[in-house]
Every structure is written in C-alpha cells, then in structure tokens.
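First the structure, in the form of structure tokens, and then the observations on it.
All figures in this text were calculated on a predicted structure; none of them were measured in a lab. Lettering follows sequence order; numbering is per chain, from 1. Below, each value reflects all heavy atoms present in this structure, side chains not excepted, and no hydrogens, waters or symmetry copies.
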Amino acid sequence: MQHAQPSSSHSGGGPIRQPNRHEDLEFPYCPDSNKYEKLAKIGQGTFGEVFKARDRKTKQVVAMKKVLMENEKEGFPITALREIKILQLLKNENVVNLIEICRTKATPYNRFKSTFYLIFEFCEHDLAGLLSNVNVKFSLGEIKKVMQQLLNGLYYIHTNNILHRDMKAANILITKAGVLKMADFGLARALSHITKYTNRVVTLWYRPPELLLGERNYGSPIDIWGAGCIMAEMWTRSPIMQGKTEQHQLTLISQLCGSIKPEVWPGCDKLELYSKLEIPDGHKRKVKERLKPYVKDQYALDLLDKLLCLDPSRRIDSDTALNHDFFWEDPAPQDLSRMLSQHSTSMFEFLAPPRRLNNYRPAMPPQAKHQPNMDQHFERVF
Amino acid sequence: MNENEAVVHFRVIRFVYEAGLKLRMKTIPIASACVLYHRFFRENKLDSYDPYLIAATCLYLGAKTEEEQHVNIRDVVNVTYRTLNRDKPALEMGTTFQQYRETIVNCELFLLRSLQFKSVVYHPHKFLLHYLKYLEDWFDPFTWKSVPISRTCWALLRDSYHSPLALRYKPQHIAIAVIYMSLLCHGVEVPSNRVSDSTWWKVFKEDITLNEIKDIINEIVYTYDMETALQT
C-alpha cells in the first residue's frame with residue numbers, strides 16, 4: 001500500500017514536502033484573529049475570556065470568545081465543538097449570532113499552537129449588568145418584552161432539540177436596540193435518545209430542583225426554571241436564591257416553592273440524591289407571597305408561580321408561557337430601545353460592581369472583585 | 001475525480017469502516033467520519049495529503065461530533081496503527097506513540113479549519129427508517145417477511161459512503177434510491193405502484209426524479225465495480 005501509515009513527519013497534515021511551513025498555510029475559511037483589534041476585556045469565567053473587538057477593515061464591532069485549549073492532548077475541545085455545532089444550527093433573532101471562527105497564526109512564540117476565537121455580533125449589555133445598575137429602570141411593559149424575547153428564544157432552541165443548560169442573567173445579552181440574545185452555549189447540548197447527561201450543569205443559583213436531586217434524564221424544563229429565576233430577578237434586581245452549596249440551594253428552593261415531596265412532585269423520591277440530601281420538611285409554597293412585595297402585577301406572579309414549579313413534568317413550557325395572560329393584558333410588551341438610549345455605557349456583569357455585597361459569588365473570578373475605580377466599571381458604547 | 005483517486009478513496013473508506021468497527025463506533029459516527037473525509041478531499045488535492053492520516057483524524061472528529069464518548073485519542077492511534085500495520089507488533093507507549101497522537105491532534109485542527117468548522121452531517125438513515133416503515137405497511141406481510149428488502153437497503157446505504165455520494169445528493173434522495181435499488185435487486189414492486197396517481201418515491205419526497213434515482217444507483221454500482229476490480 002502506498003500510504004501505509006499516518007505520517008508524523010509533517011505536523012498538522014500540511015503539504016508533505018514542506019514540513020516546516022505549516023504556519024504559512026492559508027486558510028480561506030479561518031481568518032487570522034489579527035483582522036480584529038481588541039478593544040477591551042468584557043468577560044471572564046470558567047469558559048475563558050471574552051473581548052470586545054473591532055474589525056480593522058469594516059469597523060464592525062464584535063465580541064471575541066477565546067477557546068480554552070485545556071487538554072491539548074485530546075485535541076480540539078469537545079465542548080467548543082458542541083458550541084460551534086449548535087451555534088451554526090441556531091439562527092434566530094433571540095440567539096446570539098456566530099459570525100466566524102478565527103485563529104492566531106502559529107509561530108515559534110506560541111510553540112506553533114494556534115489560539116482559536118469565536119467571533120460573535122457585539123451586544124452592548126448583559127442582563128446582569130443592567131440589573132446591577134440602579135439607574136436602569138424597567139417598566140412593566142419592558143419587563144414583558146424581555147421575558148417575551150427570552151421565552152421566544154427558549155422556544156426556538158427547544159424546538160431544535162437544544163438545551164441551553166446555563167441560564168442566568170449574565171448569559172442574557174441585550175443590544176442597544178433592545179433585542180435580547182441568548183448567549184454562551186458552552187454547556188449546551190443536543191437532546192438525543194441518550195438519556196444519561198451529566199447533572200453538573202447550570203450555575204448553582206439557577207439550578208432546578210431535579211438537577212440538585214441528581215436527575216440525569218432531564219429536558220427543556222431545566223431551562224424554564226432558569227427563566228423563572230431570571231424573571232423574578234427583573235424585579236428583585238439580584239438572584240432570588242443565592243445558595244452557597246447544593247444542599248443550601250435545595251433548602252432555599254424549599255423555602256420558596258414548598259417542601260419537595262411525592263405529593264407535589266410524583267416520583268421525586270426515586271431520584272438518586274433524594275435520600276442522600278436533607279430534604280427540608282414542612283414548608284408551604286410561598287412563591288406568590290414572597291415575591292408580592294416586589295412584583296405588583298397579578299399576571300406576573302401567576303406566570304412566575306408556573307415557571308418555578310418543582311415538578312419538571314408540570315412546569316410550564318415556553319410555548320404555553322408565551323400564551324400566558326401576562327403578555328396579553330395591559331400594559332403591552334414595550335420596546336426597550338428608548339429606555340436603553342438613555343444609557344450611553346455598556347453594562348456587563350463583569351464590568352459592574354458586585355450586585356450583592358458580602359455575598360458568595362461562585363461565577364466570579366477573584367480579580368473581578370477588586371475592580372480599581374468605580375467610574376470605570378462601565379465602558380462607553382459609542 | 002479520476003479513476004485512480006476514486007480507488008484510493010475506496011480503499012481508505014474501507015479502512016475507516018474497519019477501524020471504526022474495531023473502535024466500537026456506531027453506524028452514524030462512522031458515516032459522519034466518511035462524509036468529513038470526502039468533504040476534505042473535495043477541497044484538497046489527494047497528492048498533497050496522506051489520506052490515511054486524514055481518515056484517522058476524521059474518525060476521531062466524527063466520534064467527537066456524534067458524541068461517541070468512549071472513543072479516545074489513545075484508542076484511535078492504536079487501532080488505526082494496527083489496522084495499517086498488521087504485520088508489526090502493537091504500538092508501545094513511547095515517542096512513536098506520542099508522535100502519532102500529536103499528529104492526529106494537529107491534523108484535527110487543520111481539518112476543522114479546512115472544513116470551516118462545519119462538522120455537522122445530515123444522514124439518510126432516519127429517512128430510510130421512516131420510508132421503510134411506510135413500505136412495510138403497503139406490502140403484504142408475506143412478501144415483506146420473505147424478501148430481505150430492508151436489510152439490503154441498509155447494506156447499500158453503508159456501502160454508498162465509499163464514494164462521495166453524500167456530498168452531492170440530499171439525504172432523502174439517497175434513502176429513496178437505496179430502496180429503489182433494493183427492490184430492483186430482489187425483483188419486487190411496490191404494490192399498486194403502476195396504477196396509482198403518483199409513484200411511491202414522489203410520495204416520500206416530491207422533488208426527486210427517476211433520473212436522479214438512476215444517477216445515484218449508477219454511482220453505487222460503480223463503487224461495487226471498484227471493489228471487484230480491487231479483488232482481481
């Protein structure tokens with residue numbers, strides 16, 4: 001056989017007769033990241049760094065998300081591959097748009113290892129950043145618009161059999177025109193016939209009870225729970241259940257949604273961790289009651305109650321939620337562009353002062369805690 | 001594509017199937033690896049790259065994108081090496097192993113860039129399954145049981161990946177052509193096909209023509225000719 005074995009003489013499968021010219025290869029579909037000029041760092045998390053950047057030629061402003069190449073022995077990370085696959089599939093007004101994928105040139109300085117960047121359309125704000133700014137005030141109509149777009153995005157991804165698996169305010173982006181975009185599909189997965197997913201997903205504060213109890217065969221209701229937490233946050237302005245541990249989170253959920261027991265959630269006692277965790281007993285469901293001081297609207301309270309339903313099989317789905325009276329009674333959902341036009345700075349959670357003082361912040365890296373100067377927390381949009 | 005290249009690709013795909021089965025990969029991940037391989041060589045010249053390296057990398061990438069989680073890089077290196085070097089002893093942990101692994105990892109990045117990061121593949125399998133379910137209801141149970149129509153379909157579909165068929169035809173169309181060919185092989189006709197207003201294939205997919213079905217079949221037949229040529 002002519003091609004008897006994988007040749008190791010030419011790294012990266014480049015042309016056989018040019019073993020050392022790998023770095024000079026042109027990739028028409030994978031431009032050099034140098035075509036963008038980095039402007040500022042706008043995010044940092046377990047997923048890596050996010051920068052605001054500008055196309056040097058077209059001047060288009062974009063967000064660049066670095067692909068962390070943690071386990072380089074295993075090649076391109078499967079999580080990034082999933083995210084790319086999913087983003088290429090999802091094209092919707094309320095889902096962030098992936099423009100392209102870039103890489104840095106392999107040079108001796110980076111040991112011939114390229115860094116890859118996902119290039120997204122730029123959105124000026126994220127919801128966590130907006131909510132942490134007391135000067136940003138949402139009217140009831142504007143809250144309806146946010147929730148309508150969020151549920152619309154969820155409806156779209158769920159009908160495409162995708163689970164987001166990391167719903168939280170910081171992953172909800174909003175453009176200055178007031179269009180909501182769901183972002184960060186780094187934990188997202190396609191639903192398939194496989195029924196054993198990892199239950200170690202979703203930021204703790206937004207994690208639904210079924211995941212806390214060890215369910216591995218979950219579905220779209222896990223994202224709906226997150227939507228419920230985010231909806232309540234539109235009024236409370238900070239996450240409603242800030243657990244320190246999984247046990248603590250479960251306790252907080254029980255205090256709000258009532259004790260978890262088979263009478264309200266048939267089959268919950270069959271879940272793996274039901275017998276291993278302490279299940280607080282004797283709590284009544286107080287969703288409406290506890291949120292009433294913040295949320296005056298009856299329809300809003302009713303929808304919240306349905307989104308934050310303990311039993312995932314009876315939790316409202318996005319389609320039904322979009323038909324809820326909340327969206328169809330006065331005041332009608334109202335465009336956010338006018339309200340946002342009063343703010344000329346970008347608001348991102350990463351750039352914002354901590355929303356809850358003395359509070360445990362699991363998603364935040366240490367360096368974000370001591371931001372130097374309060375005035376520089378927000379970066380100019382225009 | 002000239003004839004010699006088609007023969008090389010045929011051989012390499014046979015290698016993909018052999019190694020893929022040894023890796024206990026399921027049908028769809030192996031099929032995806034084949035499509036990734038064909039996609040790569042649609043854009044790139046065969047004489048510039050080692051097709052077996054590309055194939056091994058496609059297997060690894062196919063396993064990743066299709067969530068075949070038990071396949072790891074170590075197994076891919078060992079299995080592909082053994083498949084290509086039957087007379088040599090198995091690869092020991094060491095420099096050579098590490099070189100092979102590194103080569104595949106680098107090649108994966110290269111492959112992803114060449115493919116524009118488009119690693120999603122749509123296969124005819126689910127369509128074939130549905131079409132066969134319908135056909136089963138149209139046939140009388142005795143004929144359906146005595147003639148292995150569906151088994152032939154699945155075999156034909158699997159073999160069709162030896163050529164870049166999947167790049168040029170819609171998955172639905174390939175599924176229909178495979179059924180047509182299977183019925184032809186077994187000399188059976190879909191009941192009432194001659195007297196009905198619409199042919200059975202038009203019922204499954206409006207936009208397919210008999211000519212297209214015949215084109216696909218010709219291409220599959222050509223693959224089998226190649227196999228015969230290789231054996232003689």
- Message: Do A:L89 and B:V120 make a side-chain contact, defined as non-hydrogen atoms from C-beta onward lying under 4.5 Å apart?
- Response: no
- Note on the structure: Here the gap from A:I101 atom CD1 to B:L112 atom CG, rounded to the nearest 0.5 Å, amounts to 8.5 Å
- Message: Using heavy-atom distances under 4.5 Å, tell me whether B:Q69 contacts chain A through its side chain, its backbone, both, or neither.
- Response: side chain
- Item | Nearest-0.5 Å distance, CG of residue B:L61 to CD1 of residue A:I78 | 9.5 Å
- Do A:F116 and B:F117 have ring centres separated by under 6.0 Å? yes
- Message: If I measure from the heavy atoms of chain B, does A:E74 come under 4.5 Å with its side chain, its backbone, both, or neither?
- Response: both
- Could you look at B:Y60 and say if it's the side chain, the backbone, both or neither that has a heavy atom under 4.5 Å from chain A? side chain
- Message: Looking at A:Y155, I'd like to know if its OH atom is crowded, meaning that more than 12 non-hydrogen atoms belonging to other residues, nucleotides or ligands lie closer than 6.0 Å.
- Response: no
- Heavy atoms of A:G75 and B:K64 approach each other most closely as C-NZ, 3.7 Å
- In Å, rounded to the nearest 0.5 Å, how long is the span from CG of B:L109 to CZ of A:R103? 11.0 Å
- Might you confirm whether atom CD of B:E92 has over 12 heavy atoms from other residues, nucleotides or ligands at distances under 6.0 Å? no
- Ion pair B:E67/A:R189, N-O distance below 4.0 Å: yes
- Please check if atom CZ in B:R24 has more than 12 non-hydrogen atoms from other residues, nucleotides or ligands closer than 6.0 Å. no
- Look at the side chain of B:E102 and the backbone N and O of A:K73, then say whether any donor-acceptor pair between them is shorter than 3.5 Å. no
- Check the surroundings of atom CZ in B:R74: do more than 12 heavy atoms from other residues, nucleotides or ligands lie under 6.0 Å from it? no
- Item | Flag if over 12 foreign heavy atoms under 6.0 Å of NZ, B:K118 | no
- Query: Does atom OH of B:Y122 have more than 12 heavy-atom neighbours, drawn from other residues, nucleotides or ligands, at distances under 6.0 Å?
  - Reply: no
- Task: Determine whether more than 12 heavy atoms belonging to other residues, nucleotides or ligands lie under 6.0 Å from atom NZ of A:K59.
- Result: yes
- Query: Which atom pair, heavy atoms only, marks the closest approach of B:R113 to A:C30?
  - Reply: CG-SG, 3.9 Å
